Every structure is written in C-alpha cells, then in structure tokens.
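Note that the coordinates shown come from a computational prediction; the quantities given were computed from them, not determined experimentally. Letters A, B, ... mirror the listed sequences (proteins, then strands); counts begin at 1.
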Amino acid sequence: MSRPASIPALLLRAEQLAGLSLRELAQSFDIPVPTDLRRDKGWVGQLLELALGASAGSKPEQDFPELGVELKSIPIDGRGKPLETTFVSVAPLTDIGGLRWEDSNVRNKLSRVLWIPVLGERSLAPGDRIIGQPLLWSPSEQEEQLLRQDWEEIMELISLGEVQNISARHGQVLQLRPKAANGRALTEAVGRQGQPIMTLPRGFYLKTGFTAALLARHFML
DNA sequence: TCGTGATCATCC
DNA sequence: GGATGATCACGA
C-alpha cells in the first residue's frame with residue numbers, strides 16, 4: 001500500500017476503513033486471521049499499518065514522519081471505553097540528564113495521533129471486530145500539561161535511581177510499566193547509589209481514563 | 001538486545 | 001471488573 005501524500009488523504013483512507021471487520025480487511029490483503037491474539041498481540045496494529053501505508057520498522061519514530069502523525073489502534077467496548085492502556089514509547093533509563101519534555105519521545109509521538117478505534121470485547125474473535133471512525137487528535141493544553149507533569153515526575157524518579165520503585169500507580173494519565181519480551185530481558189539503568197544496575201525495560205503507557213476522555217470528547221461533538 | 005506492534009493473566 | 005505487572009512476535 002502506498003503512503004498517503006497528505007493528512008487529508010490519510011484521513012480519507014482511514015474513514016473508508018470504518019465499518020469493515022478486521023476479517024474483511026485482512027482478506028483484502030490475503031493475510032491470515034488468527035483465532036485469538038495470544039500469540040499475535042500486534043496483529044491488529046500491523047494490519048492497520050499495512051492498510052494505511054504506514055512505514056514498518058522498529059525505529060523510535062512516528063508512523064508517518066513526513067506528516068507528523070503517529071498511528072494508534074485502540075480496542076474499545078460497545079460503549080466506547082478502551083479495553084487496554086496504550087503503549088507510547090520505551091523509557092530512557094540512562095543518560096537522561098538534561099532531557100526535557102519538549103525533546104522527549106513521548107511528546108513527539110503524542111503531538112499528533114490518528115486513533116483507530118477497534119470495536120470488540122476480548123471474547124470476540126479478532127476477525128469479527130469492527131473498525132470504527134478514525135480520530136485525528138492533538139493534545140489540548142490541559143492534556144499536554146497533564147502528560148508533561150507525569151512525564152517529568154517519572155523521569156525525575158528515574159534520574160534519582162528509583163526506577164525499581166516506580167509502579168504503574170504513579171502518574172495521573174501516563175504510567176511506567178515493563179515493556180519486555182519476558183522477565184529475563186534486562187537493560188541497563190541507574191541504581192540508588194548511582195551505580196549501574198540491570199532491570200526490566202520500561203515503557204510509557206496512556207492510562208485508559210485519559211484515552212477514554214479524548215475519545216468521548218470527540219464522539220460527543 | 002532494542003524498539004515496533006500490543007494483549008494476556010492474575011491480583012485486588 | 002479494572003488495573004498492574006508480565007508476556008508474545010518480529011525485524012534490524
């Protein structure tokens with residue numbers, strides 16, 4: 001699938017997907033539909049990337065760098081409530097002195113997001129889930145303030161060597177949680193005495209209350 | 001191993 | 001029932 005040349009073109013393409021089941025979309029690309037997502041957790045997101053012409057790859061960049069747009073699928077229930085938190089980016093755990101919010105990956109990724117709601121409960125087979133109306137979103141001043149506050153607090157704790165004491169309960173809208181292949185995947189971080197330690201890689205996630213509110217704000221308009 | 005795409009499984 | 005901590009697959 002070619003890359004959309006503009007934001008309106010991207011939005012149009014996304015709108016044309018609304019109403020389709022994931023099975024219908026997958027079949028149009030000749031992609032097999034998994035029975036469940038236990039071993040294909042990224043299947044929905046990758047299918048939508050393909051359909052919308054996002055750049056594949058694992059670079060810490062937006063999905064459409066030339067458009068300044070990040071693509072996120074978000075599973076919602078029948079009432080429009082997110083079923084999961086939303087992964088944003090991996091958290092830097094070393095060499096973070098002087099890192100500012102303005103230059104952070106979190107802010108960069110969230111500066112403009114194309115949300116694609118995917119309707120369905122966990123009990124619903126992936127192929128039966130329905131693509132919803134897309135939403136092109138940028139944080140309001142208030143939303144950005146909340147994000148910034150949480151990010152700065154969490155990064156402060158990391159820089160203090162407290163990474164192992166940060167739980168997902170920190171932060172109002174943004175949280176830090178493990179982001180790893182398994183419990184043996186370790187990465188370098190800084191301990192309480194400033195010494196190097198090995199710990200689970202962490203990622204920033206948007207809490208469901210935050211994404212629920214931004215979706216609700218949109219769909220009530 | 002890291003960063004991408006995330007959801008699973010269990011606890012509270 | 002919802003959130004936390006753990007985990008799955010893949011490409012580079």
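- Contacts of A:P178 with the nucleic acid, taken as non-hydrogen atoms under 4.0 Å apart, include base atoms.
- Chaining together hydrophobic side chains whose heavy atoms lie under 4.5 Å apart leaves A:L83 on its own.
- Base contact: A:A180 has a heavy atom under 4.0 Å from a base atom.
- Rounding to whole angstrom units, CG of residue A:L206 and P of C:dT4 are separated by 13 Å.
- Counting only N and O atoms by type, the side chains of A:W137 and A:E70 include no donor and acceptor under 3.5 Å apart.
- Interface residues of residues 25-43 of chain A facing DNA chain B, ordered by number: A:L37, A:R38, A:K41, A:G42; criterion, heavy-atom separation under 4.0 Å.
- Within the 4.5 Å cutoff, no side-chain heavy atoms of A:V33 are placed close to those of A:L22.
- Of all heavy-atom pairs spanning A:R129 and A:G120, the tightest one is CG-CA, 4.2 Å.
- For the segment residues 97-133 of chain A, residues with any heavy atom less than 4.0 angstrom from an atom of DNA chain B are, sorted by number, A:K109, A:R122.
- Linking Ile, Leu, Val, Met, Phe, Trp and Tyr residues whenever their side-chain heavy atoms come within less than 4.5 Å leaves A:L160 and A:L176 in two separate clusters.
- What you find for A:E144 and A:P139 is that their closest heavy atoms are N-CB, 4.0 Å.
- Listed by first and then second residue, the salt bridge (Lys or Arg N to Asp or Glu O under 4.0 Å) pairs involving residues 109-125 of chain A are A:E84-A:R122 (not counting sequence neighbours).
- A salt bridge does not link A:E141 with A:R148: every distance from a Lys NZ or Arg NE/NH1/NH2 to an Asp or Glu carboxylate oxygen is 4.0 Å or more.
- Under a hydrophobic clustering in which Ile, Leu, Val, Met, Phe, Trp and Tyr are joined whenever their side-chain heavy atoms come within less than 4.5 Å, directly or via other members, A:L214 and A:F219 fall into the same cluster.
- Atom-to-atom, CD of A:E84 to C1' of C:dG5 comes out at 13 Å; the value is rounded to the nearest Å.
- Annotation: of the two residues near DNA chain B, A:R184 and A:T86, the 5′-most nearest-nucleotide partner is A:R184.
- Among A:I74, A:L48, A:L17, A:L135, the one residue that satisfies the side chain to side chain contact (heavy atoms under 4.5 Å, CB included) test with A:I116 is A:L48.
- Residues A:P82 and A:T211 share a closest heavy-atom pair of CG-OG1, 3.4 Å.
- Position along DNA chain C of the nearest nucleotide to A:K81 versus A:N182 favours A:K81 as the more 5'-ward residue.
- Applying the ring pair (Phe, Tyr, Trp, His ring centres under 6.0 Å) test to residues at least two apart or on different chains, the pairs with a partner in residues 44-99 of chain A are A:F87-A:Y205.
- The nearest whole Å value for the distance from the CZ atom in A:R202 to the C1' atom in B:dC2 is 15 Å.
- Contacts between residues 63-70 of chain A and DNA chain B, defined by a heavy-atom separation below 4.0 Å, involve A:D63, A:E70, listed by number.
- Of the residues in residues 145-176 of chain A, not one places a heavy atom less than 4.0 Å from an atom of DNA chain B.
- For residues 44-54 of chain A, there are no salt bridge (Lys or Arg N to Asp or Glu O under 4.0 Å) pairs, not counting sequence neighbours.
- Using a 4.0 Å cut-off on heavy atoms, the residues of residues 71-80 of chain A that approach DNA chain B are A:K72, A:S73, A:P75, listed by number.
- For the pair A:F87 CZ and B:dG3 P, the interatomic distance rounds to 9 Å; values are reported in whole Å.
- Between A:I76 and A:K81, every side-chain heavy-atom pair lies at or beyond the 4.5 Å cut-off.
- The residue A:K59 sits close only to the backbone: its heavy atoms come under 4.0 Å of sugar-phosphate atoms, none of a base.
- Judged by distance alone with a 3.5 Å cut-off, no donor-acceptor contact links the side chain of A:Y205 to the base of C:dA3.
- Shortest non-hydrogen contact noted between A:W151 and A:S104 is CZ2-CB, 3.4 Å.
- Residue pairs meeting the ring pair (Phe, Tyr, Trp, His ring centres under 6.0 Å) criterion with at least one member in residues 168-192 of chain A: none, sequence neighbours excluded.
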Just the table, please: protein N/O against nucleotides 10-12 of chain C N/O, every pair under 3.5 Å.
unit_1 : atom_1 : unit_2 : atom_2 : d
C:dG11 : N2     : A:S58  : OG     : 3.2

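- The separation between A:L200 atom CG and C:dT7 atom P is 8 Å, rounded to whole Å.
- A:L174 and A:I154 get closest at one heavy-atom pair: O-CD1, 3.9 Å.
- Put simply, the side chain of A:K179 and the base of C:dG5 share no donor and acceptor less than 3.5 Å apart.
- By the 4.5 Å side-chain criterion applied to Ile, Leu, Val, Met, Phe, Trp and Tyr, A:L200 is assigned to a cluster that also includes A:L186, A:M198.
- For the residue pair A:T35 and A:R38, no side-chain donor N or O sits within less than 3.5 Å of a side-chain acceptor on the partner.
- Looking at heavy-atom distances under 4.0 Å, A:L186 makes contact with sugar-phosphate atoms alone, never a base.
- The nearest whole Å value for the distance from the CZ atom in A:F204 to the P atom in B:dA6 is 18 Å.
- For the OP1/OP2 pair of B:dG3 and a distance below 4.0 Å, the side-chain nitrogens and oxygens of A:S89 include no atom meeting the criterion.
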